[in-house]
2 protein chains.
Amino acid sequence: MASEKKEARLRGRPSGKRPARSSSAASSTAPAVASTGKRTTIMDVAREAGVDFSTVSLALRKDPRIRTETRERIEAAAKKIGYYPNRLARSLSGGATRVIGVMLTEMSRFFATPLEEFQRVGEAAGYTLSVHFSWWDMERERKGMQQFCENCVEGVIWAPDVFDTSLRETATLLHNAGIPAVLLGLIHDDDTRTVPCHQIGIDIRSGLRLGLEHLLSLGHRRIAIATAAGMEGKRGDMFQLRLRILRELFSELGLPLADADTFLATDHEHGGIEIAMQLARRPRADWPTAIFAAEDSLARGLAKSLHALGINIPGDISLLGYHVGSDELMGPVPLTTVSLESGNFATRAIDLLIGLMRKKTPAIPHQIITVPSTIIERESCASPG
Amino acid sequence: MASEKKEARLRGRPSGKRPARSSSAASSTAPAVASTGKRTTIMDVAREAGVDFSTVSLALRKDPRIRTETRERIEAAAKKIGYYPNRLARSLSGGATRVIGVMLTEMSRFFATPLEEFQRVGEAAGYTLSVHFSWWDMERERKGMQQFCENCVEGVIWAPDVFDTSLRETATLLHNAGIPAVLLGLIHDDDTRTVPCHQIGIDIRSGLRLGLEHLLSLGHRRIAIATAAGMEGKRGDMFQLRLRILRELFSELGLPLADADTFLATDHEHGGIEIAMQLARRPRADWPTAIFAAEDSLARGLAKSLHALGINIPGDISLLGYHVGSDELMGPVPLTTVSLESGNFATRAIDLLIGLMRKKTPAIPHQIITVPSTIIERESCASPG
DNA sequence: CGACTCTGTCCAAGCAAATTG
DNA sequence: ACAATTTGCTTGGACAGAGTC
């Protein structure tokens, strides 16, 4: 019986397949699956090299127990028959799938750079990305997370965009599955803090406040707001939120804010021209001395438009941007802007996650990191007059 | 010996774990992994329900061989101890991973809608997305595809953006692995056609030609071009290409094209204002009667800018857009545009791929589908004068 | 010469499910 | 409803054979 078993091991699978030698007439790049319909396995390599299949496993992962000469022979055999490992089997046995789950609400421009960043850092650390969109449907999000668990992802990055009570349940789901997770990009109000999950968030209020204080310190007293609060959908909600916070900050700081100085565009990308024209039609004496555009793409469009209309930045008017993504185009005037500190917050998120995945013990007291904003002074803001 | 084996089966794993009953004091949502560090398996459910683990396997997939009563008992037990299946094991045994690999060059705005579309259609068909970016690095692309193979994805969608000889090798790699693939969005010149892979592509030339012919048929004889050929990077290359083709088409159609009527912006999103201002500064007699903006985002910005400057579309000038993605915002004037036929070409790609994955035999003669363009007539184009 | 490391290789028990008799 | 087998790989331990004291 023992010999029969050994025989089976050498044959690989029980099907009466011809020994590999017979394929020596084939081209050097063996069409592993396409012809036979069966993927080549470690057993095929073992047969080809004349060793036990476990030796192949050890050799291919450069285990010191295998002599160099033997290893090279095995590697040659593997290459010859076009073998590559089956990660499913490897993961099932070894535990690590090397997959990170990424749960986003939608593929907005806002997440483009973060997503690339997850890939860049993840790839360097040997991870692959599994991406899922929820479209703000919490049930879809939960199901996606469930799939992440079933697929044994090793970590999850998660940007739900808005607070919802279901976040707590989802976080618990992940926690029970032993999967470290990083919640990305929420504002850190009290509700958010109760979600039991590591968090990297943005403090919109303090960023906007920083911007206003910067303009105040330059001597501006009549500051206008430009935002795309007229946009539809969730994106518009975010601009609405910024507008609301800005209004609160104006009153906190004792600044007046005329309705005429609250410019609401319907589109953050192409809305700049509307605002520029509104401004241009007014008598110069009735201009604010600075505009705080609560989104960089709007600020860039505004800069281009003002420039095209012959309005000088910052000579005639100062322009301050605000952004939470990464820097992009400069436009006609290098834009002074409120920016997240220490580069990209997406990088911090993926770095944190990879750290959590490495040490198997997920620190129970969840880190809640608020990425502070900073002013990047370029050329679009100056003192008035 | 047999009884010993049975004992092992019932115990599940060899570690001297306490029977599940002892956890009955725990909360209803059992913290499966978080406490023990071990995931609950089908064996745990079996022990809880007092049946064999294979019975659990059958019951959870509603096999008719299992009595309803037993099944319900098993389902209750599974729920109680927080069991969910391990797809790794399921895939290893059953073959289907239900994962689609998506290989993109970068997370540009261009791919946002397609990516969401892959998720939407894929999710409906029970698939999950594994996303990888190559950043035009063909070696990185090859490695990513290799990983897709190792991870046993069931299909690949692939948008390399530019033709490269390595595409042939990569296609062969996938073919040898028996993984159906759809190559997305290349122009179908002769080089592209030699890549042994199903393809869904865009015929830029015929789309642009259609646009020009539409303007001609409306009576326009002096047509301007607007494109963001001044942009940097790969995106700029694409606009350069459109510009080159447009120039060729002008000469083929015997149309004059003055340099003054070739508007080159440096930014497709905020470039509209520059062009609008250039136009506004000219005497009215020196205007073209129509502008063909070779990218919808540029066209929208241009529409907004012209509108803001008091220039009437299409009364004063007609504006024709061009796009290969999905429709977005309308702007001040609903834009007449050259669009891909039958909706979204991304949908066609994912539909094709899912079809290929279903029938295991990948049709050897590769389909090369060129998605034709069509004119969507809205309100921004009219006859001149 | 036997007890002793080493080495290089092999064995078999896993991993968590599906499948089939 | 159960038992046995299968999937492809990892891994700790077993086990020869060579080298050392």
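All values below were derived from every heavy atom in this structure, side-chain atoms included, with hydrogens, water molecules and symmetry-related copies excluded. Just so it is clear: chains get the letters A, B, ... in the order the sequence lines come, proteins before strands, and each one is counted from 1.
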Over how many whole Å does the gap from [X] atom [atom1] to [N] atom [atom2] extend?
| X | N | atom1 | atom2 | value |
| --- | --- | --- | --- | --- |
| Glu150(A) | dA16(C) | CD | C1' | 13 Å |
| Ile66(B) | dA18(C) | CD1 | C1' | 13 Å |
| Leu92(A) | dT6(D) | CG | C1' | 12 Å |
| Arg87(A) | dA16(C) | CZ | P | 20 Å |
| Arg47(B) | dC2(D) | CZ | P | 15 Å |
| Asp63(A) | dC10(C) | CG | C1' | 13 Å |
| Arg98(B) | dA18(C) | CZ | P | 14 Å |
| Leu88(A) | dA17(C) | CG | P | 14 Å |

Would you say dA17(C) has OP1 or OP2 under 4.0 Å from some side-chain N or O of Tyr84(B)?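 Looking at the OP1 and OP2 atoms of dA17(C), neither is under 4.0 Å from any side-chain N or O of Tyr84(B).
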
At less than 4.0 Å, is any side-chain N or O atom of Arg67(B) found next to OP1 or OP2 of dA1(D)? Yes or no.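 Looking at the OP1 and OP2 atoms of dA1(D), one of them is under 4.0 Å from a side-chain N or O of Arg67(B).
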
Step-by-step side chain to side chain donor-acceptor pair (under 3.5 Å) determination, Ser57(A) to Arg61(A): CA-CA 7 Å; Ser57(A) 172; Arg61(A) 277 169 306 113; 2.8 Å; yes

What I want to check is whether the side chains of Trp158(B) and Glu141(B) have a donor and an acceptor closer together than 3.5 Å. yes

Pair Lys80(A) + Glu48(A): basic N to acidic O under 4.0 Å: yes

Is Asp63(A) paired with Arg65(A) through a side-chain N to carboxylate O contact shorter than 4.0 Å? yes

Of all the choices, dA1(D), dC10(C), dA3(D), which nucleotide is nearest to the side chain of Asp52(B) once you look at every atom?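 Selected nucleotide (nearest to the side chain): dA3(D).
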
Only pairs at least two apart or in different chains count here, so list each side chain to side chain donor-acceptor pair (under 3.5 Å) that has a residue in residues 93-103 of chain A.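 Listed once each, the pairs are Arg98(A)-Tyr127(A).
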
Kindly compute the distance separating CG (Leu88(B)) from CG (Leu92(A)), expressed to the nearest 0.5 Å.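 Nearest 0.5 Å value for the CG-CG distance: 6.0 Å.
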
Pairs under 3.5 Å (N/O, protein and nucleotides 10-13 of chain D):
{"unit_1": "dT10(D)", "atom_1": "OP1", "unit_2": "Arg61(A)", "atom_2": "NE", "d": "3.2"}
{"unit_1": "dT10(D)", "atom_1": "OP1", "unit_2": "Arg90(A)", "atom_2": "NE", "d": "2.8"}
{"unit_1": "dT10(D)", "atom_1": "OP1", "unit_2": "Arg90(A)", "atom_2": "NH2", "d": "3.2"}
{"unit_1": "dT10(D)", "atom_1": "OP2", "unit_2": "Ser57(A)", "atom_2": "OG", "d": "2.4"}
{"unit_1": "dT10(D)", "atom_1": "O4'", "unit_2": "Ser93(A)", "atom_2": "OG", "d": "2.6"}
{"unit_1": "dT11(D)", "atom_1": "OP2", "unit_2": "Arg61(A)", "atom_2": "NH1", "d": "3.1"}
{"unit_1": "dG13(D)", "atom_1": "O6", "unit_2": "Arg65(A)", "atom_2": "NH1", "d": "2.9"}

Closest-nucleotide ordering on DNA chain D, the 5'-leading residue of Arg73(B) and Asn86(A): Arg73(B)

Would you classify Ser91(A) as touching base, sugar-phosphate or nothing, given that sugar-phosphate means primed atoms plus P, OP1 and OP2, and contacts are heavy atoms under 4.0 Å? nothing

Decide salt bridge (charged side-chain N to carboxylate O under 4.0 Å, His left out) for Glu123(B) and Arg140(A); before the verdict, give the C-alpha distance in whole Å, the side-chain angles of both, and the deciding distance to 0.1 Å. CA-CA 10 Å; Glu123(B) 181 185 340; Arg140(A) 173 176 268 120; 3.0 Å; yes

